[in-house]
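Letters A, B, ... are given to chains in the order of the sequence lines, protein chains preceding strands, and every chain is numbered from 1.
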There are 2 protein chains.
Amino acid sequence: MSSKRVSIKDIAKEAGVSTALVSYVINGNEKEKRVGKEIAAKIREIAKKLNYQPNQVAKSLRSGSTKTIGLVIADISNPFFANIARVVEDEARRKGYTVIIGSCDEKAEKAWDLINVLINRQVDGFIIVASEHSEEQIAHLRERNIPFVLLDRHFPELNTDFVATDNFTASFDACKHLIDNGYRKIGLIAYRLDMQHMKERITGYQEAMKENQIALNPQWLVEVEFENLQQEVAYAIDDFLKMEDKPEALIFATYGLAINGLRYINELQLKVPDDFAVVSFGQAEIFELYYCPITYMLQPLEDLGTKAVEVLLAKVKNKETPLTQVLMKARLIEQKSSEMKK
Amino acid sequence: MSSKRVSIKDIAKEAGVSTALVSYVINGNEKEKRVGKEIAAKIREIAKKLNYQPNQVAKSLRSGSTKTIGLVIADISNPFFANIARVVEDEARRKGYTVIIGSCDEKAEKAWDLINVLINRQVDGFIIVASEHSEEQIAHLRERNIPFVLLDRHFPELNTDFVATDNFTASFDACKHLIDNGYRKIGLIAYRLDMQHMKERITGYQEAMKENQIALNPQWLVEVEFENLQQEVAYAIDDFLKMEDKPEALIFATYGLAINGLRYINELQLKVPDDFAVVSFGQAEIFELYYCPITYMLQPLEDLGTKAVEVLLAKVKNKETPLTQVLMKARLIEQKSSEMKK
DNA sequence: AACGCATATTTAATCGTTTAAACATACACA
DNA sequence: TGTGTATGTTTAAACGATTAAATATGCGTT
């Protein structure tokens, strides 16, 4: 059995009417358009019999709306993004939209390509977890009047819609928690990134230290490059160990940093929390499963994702929707890795 | 600055020619179609000036090909699927295709919805990581002559194209490895699933035991339900512990089972590998980061993914392509969790 | 001058759907 | 008989691209 797709024309022919009537009936406009009762019933019956499925591509061309949103992230194989993707997918589907996910590895060039492909595919809007140096792309979208909302990261100087975690407070809380538990020499491993969310994770830490009268030792703050992550993190920890004023607690500013840091700490046969107490950003089973479960700042992924979809779709429906900027609080999940200093 | 999208008509008007010529030039058919040199140059120039981007939706409608493939998986937030998705995405993009990923939580109904949405969106083909009870859907696709390839799991009675791991051998090797390292009482925790890949993981284990003259204790083989996973795994381990002939080594048939199993083992303050040696399927940082790194069967995700795309696109280009069925070998990654029995 | 041929360009149909506008028919009422 | 109104249905253009077929023009040959 082959099977050409059934179109509205086939139904029209079989029913002996014009395609207009079929369209009216299929879309439930038969009342408004005054389609005859028997004809309507006949059309519905035939559509069912032939298992008619509307061609979304034709609809999209005609209507100018594809009911599709593009989700631009760094890497779908990273659990943080994968979790976001899942939330966005579910919420979008609930509202009749399909999501196209694209990974750009934090590379501006890949992101450009990706965005262009998606624009050509006429996505109705974008949810973007932005990378460094993507201001230009964002500005481009705005110029072309394509709806988008930034998720998790934003550029304060661009004044766009965004939905993100309050990273300053999260980092402040993480550090404060360690201080409360008796640690005073606290190191922070972050990325060297010219991005607001990372900067806030740094200033939050600094502010918490200051506010608790702890002199900031600049050596305690290490910013590593994205490339060669594993080595960079190892060097950072090596350096900590060599210091006179060696940190007794570490904050990892992302999940990826924590993974690499903990791996190296294991390799050195150091113990958490005795050699280093630990608090991390990000979330994954791993933090529960580590021999010493890791305290972390739980970002409200579910809320972030659904809110982003909501904000975007409002924008899609009405481009004049006023700017929406949402900050959500992270929650401290206390575990053994940061327990009260002995 | 607003910005209506630039179409081929706009270029044609500006150049004072018909849309046909513009189309020829844009698509590089100017030689074949004998477009005048100066005109061609002019068209190209104008296209550039106006930053023309072809409307992929219109192209799709006209050509009947969307250059899109649907990837149907259980859950994008599961690292196994996320990794597959990444490989598929990259390979597809390399070949000019876009991927739409859909999660169906191993539910036949969700999978149906998803597949229908994607069919309506005219995807050119599907890569499907099938769930239980999805034979009907698969058969449906075949009847409608829509190209697809099964990935990671397949239904032997359906005789479709597929690309999968040789699970029998993988499981055999996992078990054999434990036996070689001195363990003889070996438990297997698997899903109760009517699916080939799971069955093979069971028979592989059984075969390895038999071949090494180890009497199979049926209590050592536990099949748990997908629902209430955490509890079910805990019960299974409780049961093991109560047995006279308690297993000294465990094989987890999936990543999810391992996560839950290891969490519970931690909770009971049992030690790997002394209380239980462990080998698992799946892969993730976690297996390296656990206090006792976990031995696992590394599935060749990269190869599986790229091959699946290759097979599918061959099918898309020519529906008469002969059946392609590929089995790939998993590789044992030996770590401390299965070291030689003391 | 007539024809053939090569070159260059336009016309118009097509993909599947939506929808404003035109058309047709019946009936009520003056 | 004509006019108005309600009801039911068709026509045809449009979305943006592709492409077979038609057309136009110039040139060389006889």
Side-chain angles (χ1 to χ4, degrees), chain A residues 3-44 46-47 50-68 117 119-124, chain B residues 3-44 46-47 50-68 96 119-124:
Chain A
S3 43
K4 244 199 87 288
R5 290 208 44 155
V6 176
S7 81
I8 235 172
K9 263 188 208 159
D10 301 317
I11 301 181
K13 201 191 294 181
E14 174 121 1
V17 297
S18 72
T19 60
L21 279 198
V22 179
S23 174
Y24 294 148
V25 172
I26 299 277
N27 293 298
N29 296 327
E30 55 192 276
K31 286 273 144 60
E32 192 191 342
K33 300 293 182 171
R34 304 185 289 244
V35 179
K37 267 197 162 188
E38 328 74 49
I39 296 264
K42 189 172 177 191
I43 286 172
R44 252 192 302 275
I46 293 174
L50 299 183
N51 185 29
Y52 168 74
Q53 301 287 127
N55 181 325
Q56 182 62 42
V57 172
K59 278 177 115 112
S60 294
L61 178 59
R62 168 70 211 216
S63 70
S65 153
T66 52
K67 291 269 191 182
T68 302
V117 167
I119 289 178
N120 295 354
R121 284 174 182 269
Q122 314 288 118
V123 297
D124 293 342
Chain B
S3 42
K4 243 198 87 287
R5 290 211 41 158
V6 177
S7 83
I8 233 172
K9 261 190 209 158
D10 300 317
I11 301 182
K13 199 190 297 180
E14 174 123 359
V17 298
S18 72
T19 61
L21 280 197
V22 179
S23 174
Y24 294 149
V25 172
I26 299 277
N27 293 297
N29 295 327
E30 54 192 276
K31 284 272 145 56
E32 193 191 341
K33 299 294 184 172
R34 303 184 289 244
V35 179
K37 269 195 161 189
E38 329 72 51
I39 297 265
K42 189 171 176 188
I43 288 171
R44 251 192 303 275
I46 293 173
L50 300 183
N51 185 29
Y52 169 73
Q53 302 286 128
N55 182 323
Q56 183 63 42
V57 172
K59 279 176 113 117
S60 294
L61 177 59
R62 167 70 211 219
S63 70
S65 153
T66 53
K67 292 270 191 179
T68 302
I119 288 179
N120 294 355
R121 283 172 184 271
Q122 313 288 118
V123 297
D124 293 341

**Item:** Contact pattern, 5' to 3', of nucleotides 15-24 of chain C - B, S or - by protein heavy atom under 4.0 Å
**Value:** BBBBBB----
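The structure places CD1 of B/Ile8 at 9.0 Å from CD1 of B/Ile43, a figure rounded to the nearest 0.5 Å.
Using a 4.5 Å cut-off on side-chain heavy atoms (C-beta onward), A/Gln56 and A/Pro54 make no contact.
Put simply, CD on B/Gln56 is 10 Å from P on D/dA17, counting in whole angstrom units. Rounding to whole angstrom units, CD of residue B/Glu32 and P of C/dT9 are separated by 16 Å. Rounded to whole Å, atom P of C/dT7 lies 15 Å from atom CD of B/Glu30. The NZ atom of A/Lys31 sits 11 Å away from the P atom of D/dG8 (whole-angstrom rounding). Rounded to a whole Å, the CZ atom of A/Arg34 is 13 Å from the C1' atom of C/dT25.
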**Request:** Starting from the C-alpha separation in whole Å, work towards a yes-or-no answer on side-chain contact (heavy atoms from CB on, under 4.5 Å) for A/Lys67 and A/Lys59.
**Result:** CA-CA 10 Å; A/Lys67 291 269 191 182; A/Lys59 278 177 115 112; over 6 Å; no
**Request:** Might you work through the side-chain contact (heavy atoms from CB on, under 4.5 Å) test for B/Arg5 and A/Ile119, ending with a clear yes or no?
**Result:** CA-CA 10 Å; B/Arg5 290 211 41 158; A/Ile119 289 178; 3.7 Å; yes
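Considering B/Lys37, B/Arg44, B/Lys42 in turn, B/Arg44 is the only one that fulfils the salt bridge (charged side-chain N to carboxylate O under 4.0 Å, His left out) rule with B/Glu30. Only one option out of B/Ile46, B/Leu21, B/Thr19 pairs with B/Ile11 in a side chain to side chain contact (heavy atoms under 4.5 Å, CB included); it is B/Ile46.
If you check every strand for non-hydrogen atoms under 4.0 Å, A/Val17 touches sugar and phosphate atoms only.
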